[in-house]
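Small disclaimer: the values here were computed from a predicted structure and weren't measured. Convention: sequence-line order gives letters A, B, ...; per-chain numbering from 1.
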Amino acid sequence: MAMRAAATSTAASFVAPRGLRALYSSLTSGFPFNPPQTQTEKPPPAEPSTNLFVSGLSKRTTTEGLRDAFAKFGEVVHAKVVTDRVSGFSKGYGFVRYATLEEAAAGIKGMDGQFLDGWVILQSMRDQDLLLHL
DNA sequence: GCTGAGCGG
């Protein structure tokens with residue numbers, strides 16, 4: 001009879017029916033549609049980056065040309081004209097990464113709207129908003 | 001490698 005006693009004691013734990021559990025949680029947390037997102041702190045929704053998206057490039061502009069043009073405003077850590085992997089031709093945009101945010105901001109201010117290989121190059125609004133006011 | 005908005009590796 002010791003075995004019977006053990007069996008009954010382990011089976012003693014009981015779970016409430018799903019319907020009751022759902023009702024309980026809706027009573028304790030307000031409603032099934034949990035609204036309470038009490039997050040009053042949201043200072044950096046999008047973090048500024050030293051990496052700039054550069055569009056409007058001439059399809060003849062190369063990674064070197066891009067780096068040269070942007071190097072006047074700071075230390076260019078990484079520059080790349082995006083090319084199609086199969087054809088190898090420029091897609092007309094690229095990326096420039098500076099060492100610091102200050103240089104990145106200077107790079108935007110210095111290069112936005114400037115000509116490079118006959119094309120007016122433009123920075124993304126995202127990057128400008130994030131960098132030009134810091 | 002023309003094309004002309006877009007966010008690669």
Side-chain angles (χ1 to χ4, degrees):
Chain A
M1 306 358 165
M3 300 202 323
R4 269 204 54 187
T8 43
S9 64
T10 48
S13 60
F14 81 30
V15 294
R18 293 170 201 277
L20 283 185
R21 299 181 121 216
L23 177 60
Y24 177 77
S25 67
S26 71
L27 288 176
T28 52
S29 58
F31 219 61
F33 320 90
N34 286 345
Q37 291 288 327
T38 38
Q39 285 234 331
T40 47
E41 293 286 328
K42 276 286 184 190
E47 207 169 283
S49 166
T50 57
N51 197 202
L52 307 178
F53 173 70
V54 185
S55 62
L57 295 176
S58 162
K59 305 219 164 158
R60 293 171 294 271
T61 299
T62 64
T63 291
E64 290 74 35
L66 190 64
R67 177 187 292 270
D68 285 351
F70 280 78
K72 296 184 297 193
F73 303 95
E75 179 188 352
V76 175
V77 167
H78 178 98
K80 174 151 203 202
V81 168
V82 175
T83 55
D84 186 84
R85 284 174 78 91
V86 308
S87 68
F89 297 124
S90 171
K91 286 189 164 153
Y93 65 88
F95 298 87
V96 175
R97 184 190 296 277
Y98 281 104
T100 67
L101 293 175
E102 288 75 19
E103 289 172 320
I108 289 183
K109 283 185 297 205
M111 286 308 295
D112 187 52
Q114 292 302 307
F115 280 87
L116 183 58
D117 291 332
W119 283 81
V120 176
I121 65 178
L122 301 172
Q123 318 284 4
S124 80
M125 281 309 184
R126 256 204 258 162
D127 295 339
Q128 294 191 32
D129 287 348
L130 292 175
L131 288 168
L132 294 186
H133 72 0
L134 47 81

#### Entry: Least distance between heavy atoms, Phe95(A) atom then Leu66(A) atom
O-CD2, 3.7 Å
### 5' precedence on DNA chain B between Met125(A) and Leu57(A) (nearest-nucleotide basis)
Leu57(A)
### Task
Would you jot down, in residue-number order, the residues of residues 61-86 of chain A having a non-hydrogen atom under 4.0 Å from DNA chain B?
His78(A), Lys80(A), Val82(A), Arg85(A)
### Query
Val76(A) and Leu52(A): same hydrophobic cluster, using ILVMFWY side-chain contacts below 4.5 Å?
yes
### Message
Side-chain heavy atoms nearer than 4.5 Å, only ILVMFWY residues, links allowed to pass through others: does that put Val81(A) and Ile108(A) together?
### Response
yes
### Query
Is a side-chain donor or acceptor of Ser55(A) paired with a backbone partner of Tyr93(A) at a separation under 3.5 angstrom?
no
### Query
What nucleic acid atoms does Gly88(A) come within less than 4.0 Å of, heavy atoms only: base, sugar-phosphate, or nothing?
nothing
### Query
Once you round it to whole Å, what is the distance between C1' of dG6(B) and CD1 of Ile121(A)?
15 Å
#### Entry: Gln123(A) CD - dC7(B) P separation (whole Å)
15 Å
### Query
Which part of the nucleic acid, if any, lies within reach of Leu52(A) when heavy atoms closer than 4.0 Å are counted: base, sugar-phosphate only, or nothing?
nothing
## Note on the structure
Separation of dC7(B) atom C1' from Arg126(A) atom CZ, nearest Å, is 6 Å
#### Entry: Nearest-angstrom distance from the residue atom CG of Asn51(A) to C1' of dG9(B)
11 Å
### Task
Write down the atom of Leu116(A), the atom of Ala69(A), and the distance for their closest heavy-atom approach.
CD1-CB, 3.9 Å
### Query
So what does Ser90(A) hit on the nucleic acid, given a heavy-atom distance under 4.0 Å: a base, only sugar-phosphate, or nothing?
nothing
### Query
Taking only residues at least two apart or on different chains, which pairs with a member in residues 67-85 of chain A satisfy side chain to side chain donor-acceptor pair (under 3.5 Å)?
Asp84(A)-Ser87(A)
### Summary
Heavy-atom closest pair (Ser58(A) atom, Ser90(A) atom, distance to 0.1 Å) is O-OG, 4.2 Å
### Task
Please state how far atom OH in Tyr93(A) lies from atom C1' in dG4(B), giving the value in whole angstrom units.
12 Å
### Message
Output the rounded distance in Å from CZ (Phe95(A)) to P (dC7(B)).
### Response
9 Å
### Task
Round to a whole Å and report the spacing from CZ of Arg60(A) to P of dG4(B).
14 Å
#### Entry: Minimum-distance nucleotide to Trp119(A) side chain [options: dG4(B), dG6(B), dC7(B)]
dG4(B)
